[in-house]
Number of protein chains: 2
Amino acid sequence: MIQGRWKLPILFRLYADPSMRTLQLKRDLPGISQKMLTAHLRELANDGLIDRVDYGERPRRVEYHLSEGGRALLPVLIAMRQFSVERMSS
Amino acid sequence: MIQGRWKLPILFRLYADPSMRTLQLKRDLPGISQKMLTAHLRELANDGLIDRVDYGERPRRVEYHLSEGGRALLPVLIAMRQFSVERMSS
DNA sequence: CGGCATCCTTTCTGATACTG
DNA sequence: CAGTATCAGAAAGGATGCCG
């Protein structure tokens, strides 16, 4: 489920910020393409890790956040962050 | 570092069994090809997550195990396993 | 604004045959 | 036994233009 160039960056972003709009995510993930952003968001949603909320407004407004199932992944993200911290200081 | 079809399976295997020979790994990872096994093992070793020990015997004997740096990844693996358990039962 | 469709390139993976 | 080399197909990723 987390295989993919931007899966973890997206999840970490939604971990830091509970609710993000599409364009916000795009801005906060320098280098990601529109295509991969939507593709990965769709996959994450299909896997039940994130929720997608379309407010049906004009202009469109779509928000993403970690789902309940996705929050079960938090221990993994936290452990990953800890790992990266340890790795930097060694 | 864990991106790749077999990276996590390999790491979990070395987590369960502290020392594994190449052919053992191949046997315990049904479907992996010789190429991907050695490629991934080399990458994991280059990233400092596993140690590779070549005993220089004939026939050859090469063993792999989690390195000290790789054991720093254990909390991640444990959290992942917990996640998968929770996911199954829901 | 958010997303699709298309095209193109790169990367990844697997099958097979071969070496010391 | 462990690893390499080569080839071919599949998959992933990026750039661009278009739509409601």
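Labels below follow one simple rule: chain letters A, B, ... track the order of the sequence lines, proteins then strands, and each chain is numbered from 1. Bear in mind the structure is a predicted one, so any value in this text is a computation, not a measurement.
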Contacts under 3.5 Å, N or O only, protein and nucleotides 3-10 of chain C:
{"from": "C:dG3", "atom 1": "OP1", "to": "A:R52", "atom 2": "NE", "distance (Å)": "3.1"}
{"from": "C:dG3", "atom 1": "OP1", "to": "A:R52", "atom 2": "NH2", "distance (Å)": "2.7"}
{"from": "C:dG3", "atom 1": "OP1", "to": "A:Y64", "atom 2": "OH", "distance (Å)": "2.8"}
{"from": "C:dG3", "atom 1": "OP2", "to": "A:T22", "atom 2": "OG1", "distance (Å)": "3.1"}
{"from": "C:dG3", "atom 1": "OP2", "to": "A:Y64", "atom 2": "OH", "distance (Å)": "3.4"}
{"from": "C:dG3", "atom 1": "N7", "to": "A:Q34", "atom 2": "NE2", "distance (Å)": "3.4"}

Length of the line joining [X]:[atom1] and [N]:[atom2], which is rounded to integer Å:
X	N	atom1	atom2	answer
B:M36	C:dC12	CE	P	8 Å
B:L37	D:dG3	CG	P	8 Å
B:R27	D:dA2	CZ	C1'	13 Å
A:Q3	C:dT11	CD	C1'	14 Å
B:R5	D:dA11	CZ	C1'	13 Å
A:R61	D:dG20	CZ	C1'	18 Å
B:L23	D:dA2	CG	P	5 Å
B:L25	D:dA2	CG	P	9 Å

**Asked** Do B:V76 and B:M80 have side chains that get closer than 4.5 Å, going by heavy atoms?
**Response**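 Touching, per the 4.5 Å side-chain cut-off.
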**Message:** With nearest nucleotide decided by heavy atoms, which residue, A:W6 or B:P59, maps closer to the 5′ end of DNA chain D?
**Reply:**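 Result: B:P59.
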Pairs of donor and acceptor atoms involving the side chains of residues 83-90 of chain B, under 3.5 Å and at least two apart or interchain, shall be tabulated with distances.
{"from": "B:S84", "atom 1": "OG", "to": "B:R81", "atom 2": "O", "distance (Å)": "2.8"}
{"from": "B:E86", "atom 1": "OE2", "to": "B:Q82", "atom 2": "NE2", "distance (Å)": "3.1"}
{"from": "B:R87", "atom 1": "NH1", "to": "A:D47", "atom 2": "O", "distance (Å)": "3.4"}
{"from": "B:R87", "atom 1": "NH2", "to": "A:D47", "atom 2": "O", "distance (Å)": "2.9"}
{"from": "B:S89", "atom 1": "OG", "to": "B:V85", "atom 2": "O", "distance (Å)": "3.3"}
{"from": "B:S89", "atom 1": "OG", "to": "B:E86", "atom 2": "O", "distance (Å)": "3.1"}
{"from": "B:S90", "atom 1": "OG", "to": "B:E86", "atom 2": "O", "distance (Å)": "3.2"}
{"from": "B:S90", "atom 1": "OG", "to": "B:R87", "atom 2": "O", "distance (Å)": "3.3"}

**Prompt:** Where do A:G48 and A:S67 come nearest, in terms of heavy atoms and distance?
**Reply:**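 Scanning both residues, the minimum pair turns out to be O-OG, 2.6 Å.
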**Request:** Give the minimum heavy-atom separation between A:I10 and A:H40, together with the two atoms involved.
**Result:**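 Minimum heavy-atom separation between A:I10 and A:H40: CD1-CB, 3.7 Å.
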**Request:** Look at A:H40 and D:dG13 and indicate whether a side-chain polar atom (N or O) is within less than 4.0 Å of OP1 or OP2.
**Result:**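 Indeed, a polar side-chain atom of A:H40 lies that close.
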**Message:** OP1 or OP2 of C:dG2 versus the side-chain N and O atoms of A:R21: is any pair under 4.0 Å?
**Reply:**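 Yes, such a contact exists.
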**Request:** Just call it for A:R58: base, sugar-phosphate, or nothing, with non-hydrogen atoms closer than 4.0 Å on any strand.
**Result:**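 It contacts base atoms.
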**Request:** Is it possible for you to say whether B:L44 and B:L23 belong to one hydrophobic cluster, with membership spreading through side-chain heavy-atom contacts below 4.5 Å?
**Result:**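 Each belongs to a different hydrophobic cluster.
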**Request:** For atom CD of B:E68, decide whether the heavy atoms of other residues, nucleotides or ligands shown that lie under 6.0 angstrom number more than 12.
**Result:**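 Atom CD in B:E68 is not crowded, with 12 or fewer foreign heavy atoms closer than 6.0 Å.
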**Prompt:** Remaining members of A:Y55's ILVMFWY cluster at a side-chain heavy-atom cut-off under 4.5 Å?
**Reply:**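 Members alongside A:Y55: A:V53.
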